[in-house]
Amino acid sequence: MDRPVHRVSMGDPWSRQVHPDIASERYTQSFDVERLTNILDGGAQNTTLRRKVESIIHGDPVFNLKDNYFMSQNERYEASIQKKFHIQKLAERLGWLEDSRELHYASRTLSGDLALGLHHIFVKALRSLGSDEQIAKWAPLCNKFQIIATYAQTELGHGTYLQGLETEATYDADTQEFVLHSPSITAIKWWPGDLGRSATHALVQAQLMCSGARRGMHAFIVPIRSLQDHTPLPGITVGDIGPKMDFEQTDNGFLRLDHVLPDGTYIKLGTPQSNYLSMVVTRVELLLGEITPLLQKACVIAIRYSVIRRQSQLRPSGPEAKVLDYQTQQQKLFPQLATAYAFHFLANNLLEFFHRSYSAILNRDFSLLPELHALSSGAKAMVADFCTQGAELCRRACGGHGYSKLSGLPSLVTRVTASCTYEGENTVLYLQTARFLIKSYLQAQASPGSTLQKSFPQSVAYLTAPDLARCPAHRAADFLHPELYTRAWAHVAVRLIQDSVHHLQTLQQSGAEQHEAWNQTTVIHLQAAKAHCYYVTVKSFTEALEKLANEPAIQQALKRLCDLYALHGILSNAGDFLHDGFLSGAQVDMVRTAYLDLLRLIRKDAISLTDAFDFTDQCLNSALGCYDGNVYERLFHWAQKSPTNTQGNPAYEKYIRPLLQSWRPKL
Amino acid sequence: MNQDLRRERAAASFNPDRLTYILDGSPENTRRRREIENLILNDPDFQHEDLNFLTRSQRYEVAVRKSATMVRKMREFGISDPDEIMWFKKLHMINFVEPVGLNYSMFIPTLLNQGTTAQQEKWLFSSKGLEIIGTYAQTELGHGTHLRGLETTATYDPETQEFILNSPTVTSIKWWPGGLGKTSNHAIVLAQLYTKGKCYGLHAFIVPLREIGTHKPLPGITVGDIGPKFGYDEMDNGYLKMDNYRIPRNMLMKYAQVKPDGTYVKPVSNKLTYGTMVFIRSFLVGEAARSLAKACTIAIRYSAVRHQSEIKPDEPEPQILDFQTQQYKLFPLLATAYAFHFVGAYMKETYHRINEGIGQGDLSELPELHALTAGLKAFTSWTTNTAIEACRMACGGHGYSHCSGLPNIYVTFTPTCTFEGENTVMMLQTARFLMKSYDQVHSGKLVCGMVSYLNDLPSQRIQPQQVAVWPTLVDINSPDSLTEAYRLRAARLVEIAAKNLQTEVSHRKSKEVAWNLTSVDLVRASEAHCHYVTVKLFTEKLLKIQDKSIQAVLRNLCLLYSLYGISQKSGDFLQEGILTDSQITQVHQRIKELLTVIRPDAVALVDAFDFQDVSLGSVLGRYDGNVYENLFEWAKKSPLNKAEVHESYYKHLKPLQSKL
């Protein structure tokens, strides 16, 4: 037990001793935590490499995140630029390549607190979309940071809907040049990262205007700042869009173009397939690289704190109980923990699927693309949705201290919530999945039979499988069979997709226009897409369990989480399962019994399951969530370092003193 | 004014002013509220700077300045009625966060409730005039809701006739009190009283913290700010560590006393503190309604201004409020804001009515009201918490920017789930009352008030055939009938919790363990009870509205609120046989119809909340709808834009470009 303490800990005066309340949780472990960590990392060698990178990062004071909570937006921005600068030098020195595991682990260790993230997206876009000549010109400049680039798409008045973008690129046949222009206030580019203060160049999406006609969206490389003194170039108005809930370190910016000439010709946008593909890559990478870890961290902090925090008594005359021993606290936190694991396996599954289909795509076989697109859209929406709700639940489960930024939880919440909007707004994404489901359903109806099964997309294969009309469970324990609850979820998904199709067709048959009919049925489409995504997650979790047959202890601990995830979803949506009599009222009661039992069982493993994520204390950056459990000492110490305490109180001289003395003469 | 909003307002089916009168209680109230708001808006001393661009220290400073101006102006304007003070504060302080606030909301009331006449004479005048600024220190670093767990001690020393206050451990440090960090120079401190070697439990003490004149912490006192938080930037929530710190015999002694020789005199029982809690909680329910109303105003106005994508090809981009998914996100929340407003108003009335009863010695209704308000505080704050976030996300990317005002509304509101009683604990308090009432009915006695539905249970239990008769009775177009459906659900869930509790008791013997193992069911029962009460109060309110056009529109909102709740909890209604499958299908269908019906009135319905732009603090929610121009202007004021070239360019970017 000594080893992890030294490795993960803050190295402050309190970390030498583990709080007895958390030490006692680790005395009897039902499984080998280190083994589970290896599994999550995808192999022991990865764990070793990750820890090596972590120790390099934590050994360097420039990478300290401790003061983040006390810094202004300006200071956060500057620090993240500095870190980026520093890590580039480090990578060069240690030979860490772009897209390498090392850099990926470094970013995880720093919780992504690095500037110039868009620069790399620009490079990727250039490589996949640019001509050889363009790549030859721009790639070396980018690699050596002789230019800093960003990607400017979203506008003040326009987001998800690309065709609605207003920025114009007019081709002047006389001069053979393009002129870029923002024709209205709503056309101002808004939100691109690194644009506000940092970027020298932007890849700008604009409507191509040729001889007065609109020719659709194209991308242009536009220089926006002088390479000599960084001032905006003529015709360019550029700046920061102001304070946000989070991402204070990122200078999200605005850009107004007043008849500007781009540098070089435009970059031809790819085929619809290649555009799809780049969106898919981004979404799949986000799941593991950004969104899911935020929920995992929230779980670690809230669950560790819940074994230190004591409140009220469970037995009269007993000591105050750990709050994690309260059923209501377990019901708040354990479903979040289960979700964090479920999404880990879901995202890994997707990543594998992506790699499999990627090689086909390279061979110009796009047949897997629609399914990949539907899966990644739905998964991103669901993961973002649940992680946001879950992180906030964890925050509130920590009572008052969860409201303090020093707990680390507010920052996790404000960071993860952005994921519901960026890279495709969640509602829009769910509806894209729904379109795929409806299409697949109609396809399955049109040509039933076994020949179809082969070519039918795997994730919706349940549409062609025989459906159960009634759940066969007789007692609570029956609901602990993965086969049983997976089929239950498949059943509900099928029924909702059926409903979805039925409503749409009924409206169309009654004379509604196709588009109007779609809009009038979107609420039900959403429900269907959500049920489908839940099913996919349950299924991928159960499949991951099957692969752990040679790790029975770990398998057992994770299976409880899988059960909990599936049953939690059933109880939260009980109406959908009762609706057509698939579950009886008595069966729902059985689910509830099984569910409450699971909470009790998971309780014993809770700390081990959170330890297994293996986040270092520095990376968690939470006074409540440290490995050693010395919560209160650290909270007190950290608070004393707040600038409100270390700097003077000008308000006293200016206002409080006059206020205190305002009535004195009359006394 | 923005064309879209102009069109929306012209098309409304009712006059929003009339609805505002109903929300304020009377046209006279509306007139007076607006008059007071105008005093502030037209007074050059009340400038509203945009807090979003300020550091925490600057925000704190602005808040202190505002508090100071406010004290002066309220004297000047002669504002003393509690409602009027609130209107004044609402607009002036915007989100009601003020470092000096605890002096008025906690220090003085506690002094009045628990201080002797002599103590009141000594402290009241100077604290009202802010010669001293007081706060109230209860919560400790390691202890919250469970009061008996507090560790701070106050030991009486008869020789010097002083109390010695001490924080014996790190967990005993007072933590969180508002205004404690930097502003207050006195605090009422809750501590375990020791006299003559015996502990007598928690008592309140007046403790001087900072030296008058210099404002420096007194020797033996360690005091400071607890650091940055999710919100409440302008509040100096503080910590306080006392190191065998001696104070004169200043325990608040209206009830319990410590005689100069150290003899402890027990208090006569006091049920009256119930009253204060009921008042605070009814206020919090009103706050939930107001915060949600603000969030809805912003999201709905912006959704009428924002255009996106297409519904039909080749037509201009539609207002996003025309998308069914957007209506489904926002209109149920709008209905909820109205529902909670009426619940808050009912609680306030009831409090005043009962308060008169208390004056005449009638305390019979107090236990129920106390139990009910605990649950309603939790129910409304949980719902509102989620709802504000949903409004923010419905505004897409711009909702994430502080320009929308929504992040600030959220972080200011969300502590309501924790303070004045953590929500889960509150729900369990209500559950305790429900279980007591259930037992009472079970032993043959009738119960009255909101829980009277439990009286019907024994007759109904438990013939499955009889239950199956119910569904035909529910008319999903009748608020009364839907109230009945919620009543049945509450009755059933209370009964299930009670039975599960009994089963656990019979298995485990210890009542406390059984209670813990049933607590998830108990919370569910309380939620169902509170949901029923909310539907019932909204439905009853409809009858009292004279204006036909307004009654019609509120009736639709009431239906939407009730039906939406059923669709979210359809499992309960199906499982208990209250509604059939086909009725649930009809419920879903009816909800979609109601969205279409409410759509033309949506903007008028949020206009009726009558928030000044200043108090919304949102570029997206402006009354005139000129969102984009103002958003651009707002962004230009960002501190990152102060210099055209940021200093980090010279420090980091330039070297990066040259060295690699």
Side-chain angles (χ1 to χ4, degrees), chain A residues 69 72 74 78 81-82 85 144-146 156-157 159 161 164 185-186 191 197 230 239-245 311-312 314-315 320 327-328 331 396 399-400 403-406 410 418 420-421 427 515 519 522-523 574-575 578-579 585 588 632-633 636 639 642 644-645 649 651-652 655 659 663, chain B residues 52 55 61 64-65 68 129-131 141-142 144 146 149 170-171 176 182 215 224-230 308-309 311-312 317 324-325 328 393 396-397 400-402 407 415 417-418 422 424 512 516 519-520 570-571 574-575 581 628-629 635 638-641 645-646 648-649 652 656-657 660:
Chain A
Y69 302 130
S72 69
N74 257 326
E78 188 175 329
I81 293 270
Q82 188 190 11
F85 176 39
K144 292 189 173 161
F145 283 92
Q146 281 167 309
L156 187 46
Y161 183 64
I185 188 131
T186 43
W191 280 112
R197 305 273 81 191
H230 212 60
D240 174 81
I241 62 159
K244 304 156 301 230
M245 276 185 103
Q311 181 104 305
S312 308
L314 271 174
R315 289 176 181 74
E320 285 194 76
Q327 193 185 50
T328 45
Q331 189 219 7
R396 277 191 277 139
Y403 194 71
S404 167
K405 278 198 183 165
L406 306 180
C420 294
T421 312
T427 304
H515 297 84
N519 186 35
T522 39
V523 167
L578 285 160
H579 193 95
V588 171
Y632 298 115
E633 293 77 3
F636 185 41
S642 166
T644 41
N645 294 320
N649 180 6
Y652 172 69
Y655 307 109
L659 189 65
W663 278 41
Chain B
N52 291 309
T55 64
E61 195 176 321
V64 173
R65 197 197 70 219
L130 286 178
E131 191 196 347
L141 191 42
H146 183 62
V170 68
T171 44
W176 280 112
K182 297 280 137 182
H215 211 57
D225 172 81
I226 62 163
K229 302 168 300 268
F230 204 12
Q308 174 104 330
S309 304
I311 292 175
K312 292 173 192 161
E317 295 185 77
Q324 190 187 55
T325 45
Y328 189 70
M393 289 207 219
Y400 194 73
S401 164
H402 278 298
C417 297
T418 311
E422 197 276 330
T424 303
E512 288 74 14
N516 184 33
S519 52
V520 168
S570 60
L574 283 169
Q575 195 180 359
D581 298 353
Y628 296 116
E629 303 80 343
S638 165
L640 251 70
N641 291 328
V645 176
H646 196 266
S648 60
Y649 168 72
H652 307 293
L656 178 66
Q657 288 169 341
L660 284 169

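Keep in mind that what you see is a predicted model, and the values were worked out from it rather than measured. Labels below follow one simple rule: chain letters A, B, ... track the order of the sequence lines, proteins then strands, and each chain is numbered from 1.
Contacts between E633(A) and chain B at a heavy-atom distance below 4.5 Å involve backbone atoms as well as side-chain atoms. Interface remark: I185(A) contributes side-chain atoms only to the contact with chain B (heavy atom separation under 4.5 Å). The part of T418(B) that comes within reach of chain A is its side chain, from C-beta onward, which places non-hydrogen atoms under 4.5 angstrom from that chain. Residue Y652(A) touches chain B through its side chain alone, counting heavy-atom pairs closer than 4.5 Å.
The OG atom of S312(A) lies 11.5 Å from the CD atom of E512(B); values are rounded to the nearest 0.5 Å. To the nearest 0.5 Å, atom CG of residue L578(A) and atom CG of residue D581(B) are 8.5 Å apart. From M245(A), atom CE reaches atom NE2 of H402(B) across 7.0 Å, with rounding to the nearest 0.5 Å. N649(A) contributes atom CG, which lies 8.0 Å from atom CD of E61(B) (distance to the nearest 0.5 angstrom).
With chain A as the partner, the residue from G224(B), S519(B), G149(B), P407(B) showing the most heavy-atom pairs under 4.5 Å is S519(B). When the candidates N516(B), V64(B), L574(B), V645(B) are compared by the number of heavy-atom contacts under 4.5 Å with chain A, N516(B) comes out ahead. Annotation: maximal heavy-atom pairing with chain B below 4.5 Å, among C420(A), A574(A), P410(A), occurs at P410(A). Heavy-atom pairs under 4.5 Å with chain A peak, among G571(B), P228(B), S401(B), at P228(B). Most heavy-atom pairs under 4.5 Å with chain B, from the set K405(A), Q327(A), H579(A), R396(A): that is Q327(A). Comparing S309(B), G227(B), G144(B) by how many heavy-atom pairs each has under 4.5 Å with chain A, the most go to S309(B). Of the residues considered (Y403(A), Y655(A), Y69(A), W191(A)), Y403(A) shows the highest number of contacts with chain B, using heavy-atom pairs under 4.5 Å. For the options L141(B), N52(B), T55(B), heavy-atom pairs under 4.5 Å to chain A are most numerous at L141(B).
Residue N74(A) forms a side chain to side chain contact (heavy atoms under 4.5 Å, CB included) with just one option from S648(B), P639(B), S638(B), and that option is P639(B).
Put simply, the side chain of R197(A) gets close to the backbone of L640(B): a donor and an acceptor are under 3.5 Å apart. Although no hydrogens or angles enter the test, the distance criterion places a donor-acceptor pair under 3.5 Å between the side chain of N645(A) and the main chain of D225(B).
Shown here are the side-chain contact (heavy atoms from CB on, under 4.5 Å) partners of Q331(A), two or more places apart in sequence or in another chain: Y595(A), L599(A), V520(B). With sequence neighbours excluded, the residues forming a side-chain contact (heavy atoms from CB on, under 4.5 Å) with Q324(B) are N519(A), Q520(A), T522(A), V523(A), K592(B), L595(B), listed by chain and number.
Between H230(A) and Y649(B), the angle of the ring planes stays under 30°, which puts this pair in the parallel group of the 30/60° scheme.
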